[in-house]
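What follows is a set of notes on a single structure, which appears directly below.
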There are 4 protein chains.
Amino acid sequence: MTPRKPAAAREGEPLSAHLVAAAERLLARHGAAGLTVRAIAREAQVADGVLYNHFADKEELIALALRAHVRSVERSLPPLPTAAGSGTLEDNLRSYVGYGLALHLAILPAFAGLVAHPKILHRFAELSMPVEQGPPLRAALTAYLRAEQALGRLSPEADPDAAATMIVGACHELILPHLFHGTPAAEIAVPPDFAGKLVATCLRGIAPPGV
Amino acid sequence: MTPRKPAAAREGEPLSAHLVAAAERLLARHGAAGLTVRAIAREAQVADGVLYNHFADKEELIALALRAHVRSVERSLPPLPTAAGSGTLEDNLRSYVGYGLALHLAILPAFAGLVAHPKILHRFAELSMPVEQGPPLRAALTAYLRAEQALGRLSPEADPDAAATMIVGACHELILPHLFHGTPAAEIAVPPDFAGKLVATCLRGIAPPGV
Amino acid sequence: MTPRKPAAAREGEPLSAHLVAAAERLLARHGAAGLTVRAIAREAQVADGVLYNHFADKEELIALALRAHVRSVERSLPPLPTAAGSGTLEDNLRSYVGYGLALHLAILPAFAGLVAHPKILHRFAELSMPVEQGPPLRAALTAYLRAEQALGRLSPEADPDAAATMIVGACHELILPHLFHGTPAAEIAVPPDFAGKLVATCLRGIAPPGV
Amino acid sequence: MTPRKPAAAREGEPLSAHLVAAAERLLARHGAAGLTVRAIAREAQVADGVLYNHFADKEELIALALRAHVRSVERSLPPLPTAAGSGTLEDNLRSYVGYGLALHLAILPAFAGLVAHPKILHRFAELSMPVEQGPPLRAALTAYLRAEQALGRLSPEADPDAAATMIVGACHELILPHLFHGTPAAEIAVPPDFAGKLVATCLRGIAPPGV
DNA sequence: TATGAATGAGCTTTCATTCAT
DNA sequence: GATGAATGAAAGCTCATTCAT
């Protein structure tokens, strides 16, 4: 009982993508707080009801927006060094740390904010790969470490799993407390040479020399 | 025509504490999801409106409940080895890992679920100490490592900050992905000897012997 | 986040009854059309959300309003002649017809309008007696006829069930077509001596004398 | 970039008829509940908007569908005995009863469900003849009874109007309560020899012999 | 003429908060 | 202090209707 305006010109882009992009923007900006269908519609400059012409419900749209957010952040980051043996081990690991920091800085707020909405996370999980051996970044780092170990650039006794868990975990650890403190993501500062110190510690260990 | 009942059997306990305890119970059980004022009142077996006689608003009550939850979990865990020099370093670090896992398993769901409610987190932050050097557990571990280093049980070149970040971070890393996957906290399994492998890796490093 | 006014003074009457009465008024006036929770709240002069403090949902309230409507109509009608043997049979049957007409005139619009809302009707059915042998009026008439038959004031071969069905049905038949025609209930006219003709026909039958 | 398909295989049938048929199908299947424009379009396998190229609005389409439904049910039933004097009176009346039961079983749910939509019913009424002397079936039965009366096969004092009202009404009475109870039309059972008992009662009356 | 994406008022329902008692 | 009924904004979602293509 109320149509009329054809509304905002969106130039060829399908509205579903436009809506996902709008939701993604809100997710990136404010996390899951205030992520209502009305807010999304306003951000997308479309009518309140449109979303239901393209998605089953709010959950589906937000799950897609979350995926888009993760992908877009991943695309914005330099590629990870996956080829073992090239470059120095330290440089490569520092790249992983930098990647992890940037990635988590961008996506942790969204994920954490959605912990109270398990339905959305479940939808998101359905969209993704099986992921049963941990999140993609940790899996990639584990694989990389294993490859380096095979080349002899890592101690044969090293535990790639544990090392990857520590390194990726350290990236979380730098960000989570700020999140839990209410600090806006933009204001989180990385201590100088965080990556360098982390990698050094991980490579050489902290035990005293003769042990 | 309706008031004056002391309501539930609370035996002299101030009502504010009773309310905080009720909110804490809900927080521990279901995280932040469904944590409504009505649900808290029902859990506390008191009237809907009481909370406003004791707290400024819902945010304040939940912030206090969050603090109570953290404290109660901390109290339930064995004390951390803070005296450097006693016991073996490895054992002590394994204690920290065990502590961190148990602590995060219990409190991460609540914290993560509240990321979408910055007002509550801000209130919670005001309740705590300045804590600007990271969360308490990491600070404690850093202090412990520094003390061991002073005793010569750690390499003089070790970076206690980085090591603490990695160790505490690894505990997060084990739990967060499950949270983001929607797994109920109760079902999260710790891999066998997680602590041992972590500590070994951290102590000895992963670089090949001769480096 | 928005209380303030104590609103309309309702002098002791519980709000649940007030809401049921408001819904009943709308039901009586317009049938089920436009019977929204907002319309009910406006009719009751209360806030939109109140109803959920007293009823599980809209269905429950309307089911109760429907019952209240039926009861209130029943109360407004003269009592049915249930004592067989007193008065003349014809007079008594005419009373039934008059009763049926008035009753159906008042309640058929509401019932018919709710046929498209089976959930409400189901809730209503749960509120009522088992009613498995037809609606109360028909049951009462059947019982009355049976009693008269036992007294010999009815042919021993008469079929009270069939007769009751015809008589009550005739009352429906007078009203339904108007309902289906969109005639407002108020404008439905009963032909002169409808009851008398009906009763005469039923008593004497339409077969020619000698058969 | 999207139009021009003739859509479903409709083989020359005008689209308006196709739409009416689709709406009729839904009406027959589920009554008026869930009878949305989209549901009709999906049933017809055409675009959502087409209906507005052929009908003023939803009301008009459904009114036409209702008429189509009534006609299609009528066509599916054996013809009524309209020729007075042929066959036995009882058989003929039993035919009317059977016809009325089958007819009402099929169309009452639709009509009743639309009572809350007076606009549709009004549109439907406009489509039909003046019909001011009651619905077609009752009119036909009245006419038939009158003809039989003229032939002397009915008492000269019988009131064909009242008799027709009772008979047709009895058919309503058997079905309506189930509708109001939420019983799906398919499950409504007719008591054994309902027609026979009804006709006998109507023919012979229920008064005791000597009266 | 057919399409179907877009519109937006309106629906039911939830919930933090107030206040007369 | 305690009660809990009442408030009303705002949430997620539906659906008749329009109109550029």
Side-chain angles (χ1 to χ4, degrees), chain A residues 1-10 14-16 19 34-41 44 46-59 61, chain B residues 1-7 14-16 34-41 46-54 56-59 61, chain C residues 1-10 14-16 19 34-41 44 46-59 61, chain D residues 1-7 14-16 34-41 46-54 56-59 61:
Chain A
M1 276 182 177
T2 32
R4 220 122 332 209
K5 261 172 304 176
R10 270 187 351 280
L15 186 50
S16 58
L19 286 166
L35 198 63
T36 68
V37 295
R38 271 176 170 78
I40 296 170
V46 296
D48 278 23
V50 231
L51 105 79
Y52 296 93
N53 291 332
H54 299 273
F55 308 99
D57 49 23
K58 187 200 176 191
E59 273 81 29
L61 170 56
Chain B
M1 264 179 184
T2 24
R4 229 59 36 160
K5 244 179 310 165
L15 189 44
S16 58
L35 197 63
T36 68
V37 159
R38 259 182 172 78
I40 296 170
V46 296
D48 281 22
V50 236
L51 98 82
Y52 293 92
N53 292 327
H54 298 272
D57 51 21
K58 188 197 178 195
E59 275 79 29
L61 169 56
Chain C
M1 276 181 177
T2 30
R4 220 123 336 208
K5 260 172 304 176
R10 275 186 348 282
L15 187 48
S16 58
L19 285 167
L35 198 63
T36 69
V37 296
R38 267 177 172 77
I40 296 170
V46 295
D48 279 22
V50 231
L51 104 79
Y52 295 93
N53 292 330
H54 300 271
F55 308 99
D57 49 25
K58 186 199 178 191
E59 273 81 27
L61 170 57
Chain D
M1 265 184 183
T2 23
R4 229 61 34 164
K5 245 179 312 167
L15 188 44
S16 58
L35 198 63
T36 69
V37 160
R38 261 183 171 77
I40 296 170
V46 295
D48 281 21
V50 236
L51 99 82
Y52 294 92
N53 292 326
H54 299 271
D57 50 23
K58 186 196 178 194
E59 274 79 29
L61 170 56

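Throughout, protein chains are lettered first and strands after them, A, B, ... in sequence-line order, and every chain is numbered starting at 1.
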| request: Using side-chain contact (heavy atoms from CB on, under 4.5 Å) as the criterion, point out the one residue from Leu51(A), Leu35(A), Val37(A) that pairs with Leu61(A). | output: Leu51(A)
| said: Please pick, from dA6(F), dA2(E), dA2(F), the nucleotide with the shortest atom-to-atom distance to any side-chain atom of Asn53(B). | reply: dA2(F)
| Between atom CD1 in Ile40(A) and atom C1' in dG12(F), what is the gap in whole Å? | 11 Å
| Once you round it to whole Å, what is the distance between C1' of dT17(F) and NZ of Lys58(D)? | 12 Å
| query | Expressed in angstrom and rounded to an integer, what is the separation of Asp48(D) atom CG from dA16(F) atom C1'? | reply | 10 Å
| remark: Residues passing the side chain to side chain contact (heavy atoms under 4.5 Å, CB included) test with Ala47(A), sequence neighbours excluded, are Val50(A)
| task | To the nearest Å, give me how far apart CG (Leu61(D)) and P (dC15(F)) are. | result | 16 Å
| task | Go through the structure and list residues passing side-chain hydrogen bond (donor to acceptor under 3.5 Å, both in side chains) with Asn53(B), not counting sequence neighbours. | result | none
| field | Nearest-Å distance for atom pair CZ/P, residues Phe55(C) and dT12(E) | value | 15 Å
| Over all atoms of both residues, closest heavy-atom pair of Lys58(B) and Thr36(B) | CE-CA, 4.4 Å
| message | Return the NE2 to CG distance between His54(D) and Leu15(D), rounded to the nearest 0.5 Å. | response | 4.0 Å
| task | Could you say whether Val50(A) or Thr36(B) is positioned toward the 5' end of DNA chain E, judged by the nucleotide with the nearest heavy atom to each? | result | Val50(A)
| query | Of all heavy-atom pairs between Gly34(C) and Ala39(C), which one has the smallest distance, and what is that distance? | reply | O-CB, 3.7 Å
| message | Which nucleotide wins on minimum distance to the side chain of Leu15(B), given the candidates dA2(F), dT17(F), dA16(E)? | response | dA2(F)
| field | Minimum-distance nucleotide (side-chain atoms of Asp57(A) versus dT17(E), dC13(F), dT17(F)) | value | dC13(F)
| query | Stems in DNA chain E: runs of 3 or more consecutive Watson-Crick or G-U pairs, distances under 3.5 Å? | reply | E:2-21 with F:2-21
| message | Can you list everything that forms a side-chain hydrogen bond (donor to acceptor under 3.5 Å, both in side chains) with Asp48(B)? Sequence neighbours excluded, please. | response | none
| Can you tell me if the side-chain N/O atoms of Tyr52(C) get under 4.0 Å from OP1 or OP2 in dT13(E)? | yes
| remark: Whichever of Arg38(B) and Leu51(A) has the more 5' nearest nucleotide on DNA chain E, that residue is Leu51(A)
| Which of the following nucleotides, dA5(E), dC13(F), dT12(E), is nearest to the side chain of Val37(A)? | dC13(F)
| Of Gly49(C) and Leu35(A), whose nearest nucleotide on DNA chain F comes first from the 5' end? | Gly49(C)
